[in-house]
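Below is one structure, written out as structure tokens; the observations come after it.
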There are 2 protein chains.
Amino acid sequence: MKPYLLQMLKEIALLGGVRNTIEVSSVELADQLNTSQQTASRYLLELDKKEFIHREFGIKKQRITITDNGLHALEDEYSQYKQIFDLESKVCFKGVAVSGMGEGKYYTNQPGYIQQFQQLLQFTPHPGTFNVEITPIERNKLRLLKNVGGLEIEEFTTKNRTFGSVLCFPASVNGVKGAIVLPRRSHYSTIIEVISPHYLRERLAIKDGDPVEVMVFLKKK
Amino acid sequence: MKPYLLQMLKEIALLGGVRNTIEVSSVELADQLNTSQQTASRYLLELDKKEFIHREFGIKKQRITITDNGLHALEDEYSQYKQIFDLESKVCFKGVAVSGMGEGKYYTNQPGYIQQFQQLLQFTPHPGTFNVEITPIERNKLRLLKNVGGLEIEEFTTKNRTFGSVLCFPASVNGVKGAIVLPRRSHYSTIIEVISPHYLRERLAIKDGDPVEVMVFLKKK
DNA sequence: ATTACTAAGCAGCGAGTAA
DNA sequence: TTTACTCGCTGCTTAGTAA
């Protein structure tokens, strides 16, 4: 939807056009939008044609109601703004399921990690990680997470080697509880690793390439 | 602010550009907005020039942060959407204070009205009404109020005459408690009449022509 | 009063390209 | 790789005006 049409739809909504009929002339709407009567009229024609509003003509002014279609458009926009101002409490990643190379299983079987997961997350992770590939542009949100800070999993040493520290955030994958795991060392990649008390791949009935939504929860300040 | 610039600002915010720096190229932003690299670049120049964002250039990509200015623009937009979806619980009118012709005092001194006000609103109105002139376009919101319904003040008869029924809504004027009064008979005018336990004109230190904000509260369903 | 057409002008778009 | 310039073209805007 063209941004200028959405703007007009918003204006109609603010005047009470949601589940209610308003009576306005194209001149009045033009004034509200700081534009000409002709442009307001054209916008109304476009909104009508695209079924975002319904119009009836009287002898003067016109009666306008926002359709379900139009209401959905407004709701979508609203939810984006809610997300922006909610970004300090939760961050949403959209991606697709991918297979790792089994290293996830190796790490999540280390007692040194398992104990800390149990303590900080109050669950025992199912062996292995569930990997989600995100678009490069969403890596910016990973940076955001590191800036805000999360649960610190400390490094530890076994007789064989050292396991590095990890930053961890409670999360959900398509609504199922878990946590995401960001190794401190590695640079931001386009793969998010998720651990969960459940075997996510089975629980969500997901195979490689399926779209998934990862919601990451930040600790409130 | 041009709607298409706001759209881009919103996109930057969704990527985490609020109180945080993101690294994106103009091509990536163009992809997000379904437009060309050139257009994305131009938008960034405009947003920068108008101080909605701050930019730094690295060897690749650019580091972008939303300025306070930009954040305000987003907050304004957000609050408008909040208002739309809150319209079923409260409606806001902006107008200016005007003087009536004293009839307000006559009506608000009628015991038949006073008793009902006390019962439905839990306060005794200060004699007289506080009148607010709204723009003709906002009369649509009055229609909305009548559709939703409010507190019914019933008509009554004295030995001299009949006083008509009135629709009434709890409200506040610049934050001070009161109620608006819509005579059932009269057609929508551009004057809102407000009653209040306080002498609003004095309490708010307001004279004719001063801008006021009337917030009307609807009963929840 | 109203809506909305036509026509002309101008702003925004993006291909090509420089740095 | 980047960003952002020029410039031709498209499409949005608005004055004038009909209905």
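Fair warning: this is a prediction, and the values are worked out from it, not measured in the lab. Proteins get letters first, then strands, A, B, ... in listed order; numbering begins at 1 in each.
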It should be established whether B:T35 places a side-chain nitrogen or oxygen under 4.0 Å from OP1 or OP2 of nucleotide C:dG14.
yes
From NZ of A:K60 across to P of D:dA19 the rounded distance in Å is 23 Å
Out of C:dG12, D:dA4, C:dG14, minimum distance to the side chain of B:F57 belongs to D:dA4
Check whether any side-chain nitrogen or oxygen of B:Y43 sits under 4.0 Å from OP1 or OP2 of C:dC13, and answer yes or no. yes
Against the six-membered ring of A:Y78, is B:K82 placed for a cation-pi contact (under 6.0 Å from the centre, within 45° of the normal)? no
Separation of C:dG12 atom P from B:L5 atom CG, nearest Å, is 9 Å
Remember a base hit wins even if backbone is also touched, and classify A:S41 as base, sugar-phosphate or nothing at under 4.0 Å, heavy atoms.
base
>> OP1 or OP2 of C:dG12 versus the side-chain N and O atoms of B:K2: is any pair under 4.0 Å?
In response: yes
note: B:R63, atom CZ; D:dT3, atom C1'; distance rounded to Å ~ 17 Å
From the candidates C:dT3, D:dT14, D:dT3, the one with an atom nearest any side-chain atom of A:S36 is D:dT14
* Asked: Is the CZ atom of A:R161 crowded by more than 12 outside heavy atoms at less than 6.0 Å?
  -> yes
Quiz item: So what does B:Q62 touch, heavy atoms closer than 4.0 Å: a base, only the sugar-phosphate, or nothing?
Solution: sugar-phosphate
_Under a 3.5 Å cutoff, is there a donor and acceptor pairing between the side chains of A:T129 and A:E193?_
yes
To the nearest angstrom, the CD-P distance between A:Q37 and C:dC5 comes to 11 Å
Determine whether more than 12 heavy atoms belonging to other residues, nucleotides or ligands lie under 6.0 Å from atom CD of A:E51.
no
note: A:E46, atom CD; D:dG11, atom P; distance rounded to Å ~ 12 Å
On a plain distance test, is the side chain of A:Q38 in donor-acceptor contact with the base of D:dG16 below 3.5 Å? yes
From CD1 of A:I137 across to P of D:dT2 the rounded distance in Å is 12 Å
With the side chain defined as heavy atoms from C-beta on, B:R42 is closest, among C:dT3, D:dT3, C:dC13, to C:dC13
Considering only heavy side-chain atoms of A:R55, the closest of D:dT13, D:dT3, C:dA4 is C:dA4
- Item | B:Y43 and B:Y4 aromatic centres sub-6.0 Å | yes
Quick note, B:S25 side chain, CB onward, closest among D:dT3, D:dC12, C:dA4 is D:dT3
Taken to the nearest whole Å, OH/A:Y4 to P/D:dT14 is 12 Å
Regarding A:L45, tell me which of base, sugar-phosphate or nothing describes its non-hydrogen contacts under 4.0 Å with the strands shown. sugar-phosphate
Here the distance between atom C1' of C:dA4 and atom NZ of A:K49, to the nearest Å, is 14 Å
